[in-house]
Amino acid sequence: MTIQLNMDKTAIFFGPLDGAVHRVANKIKKAIGDDKVVMVPVKDAGVEDLEKYDKIIFGISTVGKETWESIYTNVDWAKFLPEISKTRYEGKTLAIFGLGDHITYSSTFVDHIGLLGRALTDNGATLVGQVPVAGYEFDESEAVVDGMFMGLPVDEDFEPELTDERVVNWIEQLKPDFGF
């Protein structure tokens, strides 16, 4: 089977569908340009989808452990995350945005950016789009390395009024690496 590469498009791999991550993924798509982006829900994606693109933005959410274990038994990212380790990322341009709640889950704020970021870098990825922690209120986060988030944190629960500006600024930051 031959994999057709889509090097001229940026893929946004996101999940879950129809929630805040999907909404922010659409904002990112619009900021980049609808014609330059392919949306890929992780729910039905696999390694073959990852290998089609040289420019990928991942969108992931973080929920507290008690919520995760009690409500979400078969979530999109739980099914897709194992696919991350089945390919290499050298030569690809990768970035992550993640949703979190800095009030209710201030000690795990956007932890899944860190979880995904480490899974990618363990497989040869170099991430772009790190964001300074200044301007964010939280106690702890697995997504912080050397005073920077590994990607763009967004809090649609308590700071939705900041999302549009954060997205636009982040896309401007990504332009040199992604070539939008």
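The residues of the chain are indexed from 1 along the displayed sequence. Just so it is clear, the values below take in all heavy atoms, side chains as well, and ignore hydrogens, waters and symmetry mates.
In this structure T87 satisfies the side-chain contact (heavy atoms from CB on, under 4.5 Å) test together with V47, L50, E51, Y89, sequence neighbours excluded.
The nearest pair of heavy atoms linking F80 to G46 is CE1-N, 4.1 Å. The two residues Y53 and V38 make their nearest non-hydrogen contact at OH-CG1, 3.4 Å. The minimum heavy-atom distance between A45 and V40, with the atom names listed, is CB-CG1, 3.9 Å. Taking each heavy atom of S106 and D139 in turn, the nearest pair found is OG-OD2, 2.6 Å. In plain terms, the two heavy atoms of R88 and E90 that are nearest each other are NH2-OE2, 2.8 Å.
Grouping Ile, Leu, Val, Met, Phe, Trp and Tyr by side-chain contacts under 4.5 Å, direct or through others, puts I103 with F158.
Atom CH2 of W170 sits about 14.0 Å away from atom NZ of K175, to the nearest 0.5 Å. Distance CE/M39 to CG/D34: 9.5 Å, rounded to 0.5 Å. I57 CD1 to T10 OG1: the interatomic distance, rounded to the nearest 0.5 Å, is 6.0 Å. The CZ atom of F180 sits 3.5 Å away from the CD1 atom of I32 when rounded to the nearest 0.5 Å. To the nearest 0.5 angstrom, K36 atom NZ is 9.0 Å from K55 atom NZ. Expressed to the nearest 0.5 Å, how far CG of L81 lies from CZ of F58 amounts to 10.0 Å.
For residues 146-155, every residue pair satisfying the side chain to side chain donor-acceptor pair (under 3.5 Å) rule, not counting sequence neighbours, is listed here: H102-D155. Listed by first and then second residue, the ring pair (Phe, Tyr, Trp, His ring centres under 6.0 Å) pairs involving residues 113-143 are F109-F138, Y136-F149, F138-F149 (not counting sequence neighbours). A side chain to side chain donor-acceptor pair (under 3.5 Å) check over residues 17-27, counting only residues at least two apart or in different chains, returns the pairs R23-E156, K27-D164.
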Could you give me the CA-CA distance, side-chain angles and deciding distance for T62 and L99, then say whether side-chain contact (heavy atoms from CB on, under 4.5 Å) is met?
CA-CA 6 Å; T62 303; L99 274 66; over 6 Å; no
Go through the steps for D49 and F13 under the test side-chain contact (heavy atoms from CB on, under 4.5 Å), then give the verdict.
CA-CA 9 Å; D49 298 298; F13 282 76; 3.9 Å; yes
Go through V110 and I60 one step at a time and tell me if the side-chain contact (heavy atoms from CB on, under 4.5 Å) criterion holds.
CA-CA 9 Å; V110 296; I60 192 167; over 6 Å; no
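At a threshold of 4.5 Å between non-hydrogen side-chain atoms, the residues I171 and N169 do not count as touching. Within the 4.5 Å cutoff, no side-chain heavy atoms of D122 are placed close to those of S85. A 4.5 Å side-chain heavy-atom check between E159 and R166 finds at least one atom pair inside the cut-off. Looking only at side-chain heavy atoms (C-beta outward), I113 and F97 stay at 4.5 Å or farther from each other.
L162 and Y105 are assigned to two separate hydrophobic clusters, defined by single-linkage of ILVMFWY side chains at heavy-atom distances under 4.5 Å.
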Please tabulate, one pair per line, all N/O donor-acceptor pairs under 3.5 Å involving side-chain atoms of residues 123-134, not counting sequence neighbours.
| from | atom 1 | to | atom 2 | distance (Å) |
| --- | --- | --- | --- | --- |
| N123 | ND2 | A119 | O | 3.1 |
| Q130 | NE2 | L127 | O | 2.9 |

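Looking only at atom types and distance, the side chain of T108 has no donor-acceptor partner in the side chain of D111 under 3.5 Å away.
The backbone N or O of G15 lies less than 3.5 Å from a partner atom in the side chain of W77, making a donor-acceptor pair. When atom types are taken as modelled, the side chain of D54 and the backbone of K92 share no donor-acceptor pair closer than 3.5 angstrom. Formation of a donor-acceptor pair under 3.5 Å by the T121 side chain with backbone atoms of R118 is found in this model.
Within a 6.0 Å radius of CD in E165, other residues, nucleotides and ligands contribute 12 heavy atoms or fewer.
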